[in-house]
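Let me begin by presenting the structure, written as C-alpha cells, before commenting on it.
Since this is a predicted model, take the numbers as computed values, not measurements. So you know, we letter chains A, B, ... as the sequences are listed, proteins then strands, and number each from 1.
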Protein chains: 2
Amino acid sequence: MALSRAAVTSIVNDLLETEIVREAESRSVNSGRPPIILEINPSGDYVAGVDMGATHLSIVVANYAANFIQEKEIPFDIALGPKTCLNQANELLRETLAEASISIEQVNAIGVGVPGPIASDAGMVVAPPIMPGWDRYPIRNTLEKMWGCPISLNNDAELGALGEWAYGAGRGFRNLAYIKVGTGIGAGLLLDGQIYHGATGSAGEIGHLTIDENGPMCTCGNRGCLEALTGGHAIARQAQEAVHNGKRTILSEIAPVERISAQDVADAARQGDLISQQILSRAGSHLGIAIAGLVNIFNPNMVVVGGGVAQIGDLFLEPVRQAVQRRSLPAAAHAVRITTALLGRRSSSMGAVVQALTIALHQLAEGKEVRKTLVV
Amino acid sequence: MALSRAAVTSIVNDLLETEIVREAESRSVNSGRPPIILEINPSGDYVAGVDMGATHLSIVVANYAANFIQEKEIPFDIALGPKTCLNQANELLRETLAEASISIEQVNAIGVGVPGPIASDAGMVVAPPIMPGWDRYPIRNTLEKMWGCPISLNNDAELGALGEWAYGAGRGFRNLAYIKVGTGIGAGLLLDGQIYHGATGSAGEIGHLTIDENGPMCTCGNRGCLEALTGGHAIARQAQEAVHNGKRTILSEIAPVERISAQDVADAARQGDLISQQILSRAGSHLGIAIAGLVNIFNPNMVVVGGGVAQIGDLFLEPVRQAVQRRSLPAAAHAVRITTALLGRRSSSMGAVVQALTIALHQLAEGKEVRKTLVV
DNA sequence: ATTAATTTGTCAAGTTGTTTAACAATGTAA
DNA sequence: TTACATTGTTAAACAACTTGACAAATTAAT
C-alpha cells in the first residue's frame, strides 16, 4: 500500500531538513507540473565495503550516493586465520583511505563480507567449510574496535545478491538468488530486497548439495558435492588431468602443470580452447543441476551468477540454463531468468556498501532527531 | 516489538464488542491478579477444509475455534480431472454438512488444498506434475460459484506446514518446512507463520530434485528424481520386485503382486518385516538427501515429515536424520529438528481450516465495522 | 494568448492506533 | 493487615497517517 502524496511531502521535508537528501535538476516530462527530483546528499562523509574472498581481499570507499571513491584489491589467503587477515584488511583500508585523502573518522559504517555462514547477532562465522581458524572468532567486535564505527558482517554471497539487487542485474526482482562461483560456491537469497538468512544464517549454502551420490570425494567427506564438481579447485584439477593425459589444449603451455588455475581455464576458454570449454560446459551443467534444485525450492524470478568463472558469459551460462530448464518444474523454470552479474567482481563490495549505507543513514536519521523540530 | 497493555485493552474491547472472542474461565497463577483468558467465540458459524490428494479426498467442517465438528474421507483419483473431482468434493461436502446438521449458508469460508503449484491470484494450478487435465482450470472460481463463499486455494504441502505450525509439531518455529510424502513428494515452507510461495507459487517442490544423475527414470523425463526413488509408486515397485525375486517377506501373501501398495509396505514394516524395513530405510535415506538440500538452501529450524509413510515413525525418520546430518552444513544441521507430523493425516485439512478462518475472521471484522462505534 | 487539462506539491483538519503514566483490581505471601 | 506482584483500565498526548481542497508548473487545444 502506497503512502499518500501528503505523507510523502512530510517525510521528504524531514529528509531535506536533516540534509540527508537534496533537490536535483528537474527533468521535463510529457505534461503537467514537472516533479522535483531528489538525490542523496553526498556530504563529507563516507562508508566502506570490505570483501574477503578465499583468495582475494578487496576494499572500496564510497560516498552516501553509493559512488565508489576509491578501490583496492590484493591477493589474499583466508586460511591464514582471523588475526593475520583482519590486520591485512586494516592495512589495506587505511591505504585506500590515504590515497583518497579521507580520514577514518569520516567513515561512518563499514560492511564486511566473508565466505561463510554468519551468526548475525554474534557477529561471527559458525562452522564455516572454508575458513579454518575462524570458527566463532569475534570478527565484528574486533573490527569495531579497530575502526571505531559500526560494522555489518555478512556472507559474501548474500552481499552479492544485495549489490546486484540494488545496482545490478537484479533490480526490481522480488525473489532473487545470487550464485557466487569461486573457490567455494554459495548462494545469497533475497526476498523483497531483504537478505534471507534462514534460522542460523546458513541459508543458500548450495556448495555441498549432493549432485552425484557416486561422484568424486569432497573436502567435506561426502561424494559428489557441487563444489567437488564445479568449484575452482575442481575445475583446475580437471584441467591438470587433461594436460597430464596429453589432450590438445593451450593449457599445456603452462608449467608446472600444478600451477594451472580455474582462471587459466576461463581465459583459455575465452580464447577458444576446446578442452577448456568442455570442462567449463560440464561444470556449468552440474551447477545447473544445483540451481535447478534451488529453483524448485526457492522459486526465484531471477538468478544472477557471479564470481570469476561467470564472467565468461554464455559459454558457461548456456549449459546452466539448459540444466535448469530440464530439471526444474515447468512453472518455476519458465518464470526464472538466469543471467551474469552486471557488477562483475564488484557485486559483493557493492552489497557491503549498501549494508554500510543503511547503518549510516539510520544513524543520521536518529542522531539528528528527524521529526523533532519539524512543524513550528 | 510488542504492543503496550493499553493498546491490547483497546483491541480486545473491539473483539469482545464484535463477539469475535469471549472471556473464558480464568486460570489461577502463582501470584498477582489472575489474567482474563480469552477464547474464540464459536458462534453459529463454521468454516470447511477440503484436502484433495492424489488418491484421497478429505473434508472437515470446523467451528471458529478450529475444532473439527465433522470429518469425512473417501478414496479418490485426481487424474479424473477437475469436473468429476470438484463434483465429488461438492457431494462429499454436502454429505458432511448434512451429518452435522449444518447448512451451507452457515459456512463462511472454505480452504482447499491440491497437490500442485498454485497461481494464487488466479486461483488455479499451473503446469502441475501429477494433476492431468487441471492445468489452468479455474478451480477457485468454480468452487466459489458452487459453494457461495470465499475460497482459499492452496498447495497441500503448504497447508500441511500451516496446520502443523498452528496446531501441531511446528508450533513456535519461525522457519518451518513440512514434507509431504505420498504419491508425490512436496514441501511447504513457512516464514513467521506465513506461507512462502516463491515467485510463481512453486516454492518447495522437492519431488523432482535430482538425487542420482544415473538413477531410475522418472515420469518427468529425468533420471534419479526424489519421487522416482521415494514416492509411493517407487516404494510399491521396489516391494513388488522383491516379491518377484523371491525375497522372504510377508508381502508375498498379497496377490496379485501388482496390488502391493506403499501402504502395505508401511504396514509390513511396522509388523517387523525386514525386506519392507530395508525398502523404507533406503527410501528414507534418499529423502534425507533431498531434505539435506532443503536444509542447506532454506535453513529451517524445524522439518515436519507428514504423509502416510511418515506415520511409521523413527524406523523411517532415522535414516532421514542420518542423511541430513551427514550432508548438510554443520551449522544448519545442528539447528534443525526433524520430526513426524503431530496431526497425522489431518495436517493439510487443519491448514485448510486455518486459511478459511483467516478469511472468515477478516470478514467478521470488516462486516461488523470494528472500531466504528467503540467509544461513545 | 488564453484557457483547459494534467500532473505535482502543499496545507489544514480530522482519524487512527498507539504510548505514557497514573491508578484500580485482584490475587498470594509474610 | 500489610506488602508485593501482576493484570487491566483510563485519560491525555502524540506520531503518522488520510482526506479534500487548493496552489503551482507545465503542455496541449482553442
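- Rounded to whole angstrom, the span from the CZ atom of B:R5 across to the C1' atom of C:dT19 amounts to 12 Å.
- Residue B:N13 contributes atom CG, which lies 16 Å from atom P of C:dT16 at whole-angstrom precision.
- Between A:S4 and D:dT18 there is a side-chain polar atom (N or O) within less than 4.0 angstrom of OP1 or OP2.
- Residues satisfying the salt bridge (Lys or Arg N to Asp or Glu O under 4.0 Å) criterion with A:E23, sequence neighbours excluded, are absent altogether.
- The salt bridge (Lys or Arg N to Asp or Glu O under 4.0 Å) check on B:D121 picks up nothing, with sequence neighbours excluded.
- The distance from atom CG of A:D14 to atom C1' of D:dA15 is 11 Å, rounded to the nearest whole Å.
- Checking C:dG9, D:dG20, D:dG8 against every side-chain atom of A:I36, the shortest atom distance belongs to C:dG9.
- For A:S31, whose side chain is taken as the heavy atoms from C-beta onward, the closest listed nucleotide among D:dC17, C:dT18, C:dT7 is C:dT7.
- Closest to the side chain of A:P35, from the set C:dT18, C:dG9, D:dG20, is C:dG9.
- Listed by chain and residue number, nothing satisfies the salt bridge (Lys or Arg N to Asp or Glu O under 4.0 Å) test with B:E144 (two or more places apart in sequence, or in another chain).
- Proximity of A:T9 to the phosphate of C:dT10: a side-chain N or O atom is located under 4.0 Å from OP1 or OP2.
- One can place CD1 of B:I37 at 13 Å from P of C:dG27, the figure rounded to the nearest angstrom.
- Considering only residues two or more places apart in sequence or on other chains, B:A166 meets the side-chain contact (heavy atoms from CB on, under 4.5 Å) condition with B:V354.
- Rounded to whole Å, atom C1' of C:dG9 lies 12 Å from atom CG of A:L16.
- If A:V12 and B:V8 are placed on DNA chain C by their nearest nucleotide, the residue sitting closer to the 5' end is A:V12.
- A centroid separation of 6.0 Å or more is found between the aromatic rings of A:F298 and A:Y196.
- Between the P atom of D:dA16 and the CG atom of A:L3 lies a distance of 12 Å, rounded to the nearest Å.
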List every contact pair, protein side and nucleotides 24-26 of chain C side both N or O, where the distance is under 3.5 Å.
{"from": "C:dA25", "atom 1": "N3", "to": "B:R33", "atom 2": "NH1", "distance (Å)": "3.3"}
{"from": "C:dT26", "atom 1": "O2", "to": "B:R33", "atom 2": "N", "distance (Å)": "3.2"}

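- No donor-acceptor pair under 3.5 Å is formed between the side chain of B:S152 and the backbone N or O of B:A356.
- Residue A:E23 is the one, among B:A6 and A:E23, whose nearest nucleotide of DNA chain C lies closer to the 5' end (criterion: closest heavy atom).
- Residues passing the salt bridge (Lys or Arg N to Asp or Glu O under 4.0 Å) test with B:R174 are B:D192, sequence neighbours excluded.
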